[in-house]
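Only one structure is covered here, and it is reproduced in the block below.
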Protein chains: 2
Amino acid sequence: MAGGDDKRKDIHSAGIPVLCRACEARHKGVCGALTEDQLVRLSRSTTRKAVSKETPLTSAGEDVTQFSNILGGVVKLSKLLPDGRQQIVGLQFAPDFIGRPFSEQSDLTTEAATTLRICSFPKSALEKMIEEAPDLEHRLHNQALRELDEARDWLLSLGRRSAREKLASFLCLIADHIDPEGSEDTNGIHSAQFELPLKRTDIADFLGLTPETVSRRLTEMRKEGLVEVTQNRYIRIPDIDALRDATSSDG
Amino acid sequence: MAGGDDKRKDIHSAGIPVLCRACEARHKGVCGALTEDQLVRLSRSTTRKAVSKETPLTSAGEDVTQFSNILGGVVKLSKLLPDGRQQIVGLQFAPDFIGRPFSEQSDLTTEAATTLRICSFPKSALEKMIEEAPDLEHRLHNQALRELDEARDWLLSLGRRSAREKLASFLCLIADHIDPEGSEDTNGIHSAQFELPLKRTDIADFLGLTPETVSRRLTEMRKEGLVEVTQNRYIRIPDIDALRDATSSDG
DNA sequence: CGGATCTTTGACCACTCTCAAGTGAAGTGG
DNA sequence: CCACTTCACTTGAGAGTGGTCAAAGATCCG
């Protein structure tokens with residue numbers, strides 16, 4: 001979107017609020033369940049904002065009054081043990097919805113992994129919408145089921161994969177989210193490249209490892225030509241199927 | 001059922017199908033969202049059955065046409081790596097709902113961990129009910145959110161706890177489900193006892209360990225008096241708070 | 001350029017796994 | 001009722017993967 005003078009045009013907008021027009025959340029996210037009229041009403045209590053990386057969105061134990069849609073960037077969800085050990089239990093990408101409907105409070109910490117663009121609205125506004133748009137709950141339900149599938153996939157990785165296999169799985173996961181198309185060369189080999197949204201300690205917290213092992217296994221895979229790393233953060237995977245094979249010992 | 005008026009308080013029970021009257025799923029489970037009339041209709045396509053332990057309910061990749069409510073017993077959900085490594089990604093107890101609504105097919109295997117009593121009905125019957133009873137989807141949504149919370153708690157355990165801590169967490173989890181009250185002695189010490197629904201290899205598959213380490217850590221805790229074990233399967237936890245402390249290194 | 005932060009590397013250690021044998025309980029058939 | 005099999009669990013010895021601690025390189029950013 002061009003940006004600039006959105007607010008002025010808003011007055012004359014055909015029906016869909018300007019802010020929502022190019023928004024992924026309206027197409028693939030939860031807002032797709034809303035009618036024009038509902039979008040207009042919701043957008044009155046909506047604020048778009050940029051969040052800089054490492055900013056906590058919600059902390060464990062704190063009451064949540066705002067929900068958000070991710071417009072761009074990556075959010076990490078993590079849990080803490082009383083002695084400080086940390087585990088990242090989920091990553092979310094645009095146009096995911098952040099927040100737990102109907103909940104007391106969860107012991108989950110939500111934090112911007114990268115700089116983030118989000119669209120926030122009060123919990124109450126969403127809950128009101130749910131009452132009049134049952135399809136909205138359906139979409140939220142589906143997102144919950146999708147997250148459940150993802151969490152269970154990750155349980156398999158954490159419980160049963162070696163450090164190397166975990167790292168390979170992680171890189172595939174990120175590639176699938178950030179560069180889902182990839183590119184195909186003349187031999188039919190699929191490659192992918194992207195900027196890593198997480199630093200090594202985060203990757204370690206996601207994989208249930210230490211940063212040292214992440215680093216060691218990564219250089220190992222770099223030496224084998226499975227991945228190319230530039231400036232720590234820029235990853236190229238020359239052959240993503242080869243990397244997928246490294247995801248479990250039998251292939 | 002006896003002709004008398006044992007449960008007089010339930011004034012509306014006149015129309016409730018006999019099978020549903022004493023069913024936990026009607027109170028705490030998803031069926032609670034249904035009206036008398038809907039219960040009657042659903043119960044026409046419903047079958048109650050006993051399932052003996054180790055029986056697969058659904059296998060990975062297979063199309064699911066039946067959903068069920070658990071009336072009694074424990075169900076394990078597991079995932080497999082291509083080379084055969086296995087991870088149990090969830091346990092379900094009465095009156096949980098089994099099945100994934102709206103899904104293609106999941107790569108999840110569902111299996112009776114203990115002998116089981118379930119109430120099954122065709123997927124289509126449930127989906128029809130969802131259309132007319134929005135509260136039903138709400139209940140399913142809530143169960144999905146609860147399972148998501150549980151899966152994420154378990155991610156923390158798998159990623160960050162030691163074998164000993166995992167085992168302690170596991171025992172607390174089972175105790176909370178099977179003997180939630182426990183008993184309290186004169187000193188205010190809470191104890192619990194139950195029959196383990198899983199054998200050692202299952203516990204290992206749940207904790208991301210080998211059966212040998214499960215056994216070793218368990219004898220260790222037995223020697224310390226944290227747990228008492230009879231005939232491999234019968235567990236008594238003399239002081240459940242002490243066990244909870246063993247759940248992470250900092251108290 | 002200088003300092004902070006992040007990442008890599010090395011040496012050593014510990015925990016869990018692997019492989020193997022041994023014990024115990026439950027069920028089968030003579 | 002008792003050998004005999006089977007299955008589940010336990011125990012031991014040794015190996016390997018990942019963790020810990022420490023230091024040195026990179027990278028980022030003012």
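Please read these numbers as outputs of a predicted model, since none were measured by experiment. Computed from heavy atoms alone, side chains included, the values below leave out hydrogens, waters and symmetry copies.
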Whole angstroms only, please: what is the [atom1]-[atom2] distance between [X] and [N]?
| X | N | atom1 | atom2 | answer |
| --- | --- | --- | --- | --- |
| Leu196(A) | dC6(C) | CG | P | 15 Å |
| Met221(B) | dT10(D) | CE | P | 13 Å |
| Arg85(B) | dT16(C) | CZ | P | 18 Å |
| Asp83(A) | dG19(D) | CG | P | 15 Å |
| Asp202(B) | dC9(D) | CG | C1' | 13 Å |
| Leu198(B) | dC9(D) | CG | C1' | 15 Å |
| Leu158(B) | dC15(C) | CG | C1' | 16 Å |
| Glu220(B) | dT16(C) | CD | P | 9 Å |

Any side-chain N or O of [X] under 4.0 Å from OP1/OP2 of [N]?
| X | N | result |
| --- | --- | --- |
| Arg233(A) | dT27(D) | no |
| Thr201(B) | dA8(D) | no |
| Thr210(A) | dG19(D) | yes |
| Gln231(B) | dA8(D) | no |

Taking for each residue the nucleotide of DNA chain D bearing the nearest heavy atom, is the 5' side occupied by Thr219(B) or by Glu54(B)?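 Mapping each residue to its closest nucleotide by heavy atoms, the 5'-most match is Glu54(B).
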Please tell me which of Thr230(A) and Lys199(B) maps to the more 5' nucleotide of DNA chain D, matching each residue to the nucleotide holding its nearest heavy atom.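 That would be Lys199(B).
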Quick one: side chains of residues 219-227 of chain A, donor-acceptor pairs under 3.5 Å with protein atoms, not counting sequence neighbours, listed by atom name and distance.
from, atom 1, to, atom 2, distance (Å)
Thr219(A), OG1, Ser215(A), O, 3.1
Thr219(A), OG1, Arg216(A), O, 2.8
Glu220(A), OE1, Arg217(A), NE, 3.0
Glu220(A), OE2, Arg164(A), NH1, 2.8
Glu224(A), OE1, Arg164(A), NH1, 3.4
Glu224(A), OE1, Arg164(A), NH2, 2.9
Glu224(A), OE2, Arg164(A), NH1, 3.0

Answer with base, sugar-phosphate or nothing: what part of the nucleic acid does [X] contact at a heavy-atom distance below 4.0 Å?
| X | value |
| --- | --- |
| Arg217(B) | sugar-phosphate |
| Glu212(A) | base |
| Leu218(B) | nothing |

Scan side-chain atoms only and decide if Glu147(B) and Gln92(B) contain a donor-acceptor pair under the 3.5 Å cut-off.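 The criterion, which ignores hydrogens and geometry beyond distance, is satisfied for Gln92(B) and Glu147(B).
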Is any side-chain heavy atom of Ser249(B) closer than 4.5 Å to one of Arg85(A)?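 Result yes, sub-4.5 Å side-chain heavy-atom pair found.
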Evaluate the side-chain proximity of Leu108(B) to Asp149(A): yes if any heavy-atom separation is below 4.5 Å, no if none is.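 Asp149(A) vs Leu108(B): side chains apart.
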Of the nucleotides dG18(D), dC17(C), dC28(D), which has the atom closest to the Thr213(A) side chain?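 Of all the options, the side chain of Thr213(A) is nearest to dG18(D).
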Closest nucleotide of DNA chain C for Arg160(A) versus for Arg200(A): which of these residues is on the 5' side?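 Its nucleotide being nearer the 5' end, the pick is Arg200(A).
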For a side-chain hydrogen bond (donor to acceptor under 3.5 Å, both in side chains) check, start with the C-alpha distance between Thr110(A) and Thr58(A), then their side-chain angles and the critical distance, and finish with the verdict. CA-CA 5 Å; Thr110(A) 313; Thr58(A) 68; 2.9 Å; yes
Could you tell me whether the side chain of Arg216(A) has a donor or acceptor atom within less than 3.5 Å of a complementary atom in the base of dG10(C)?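 Answer is yes: a donor-acceptor pair is held.
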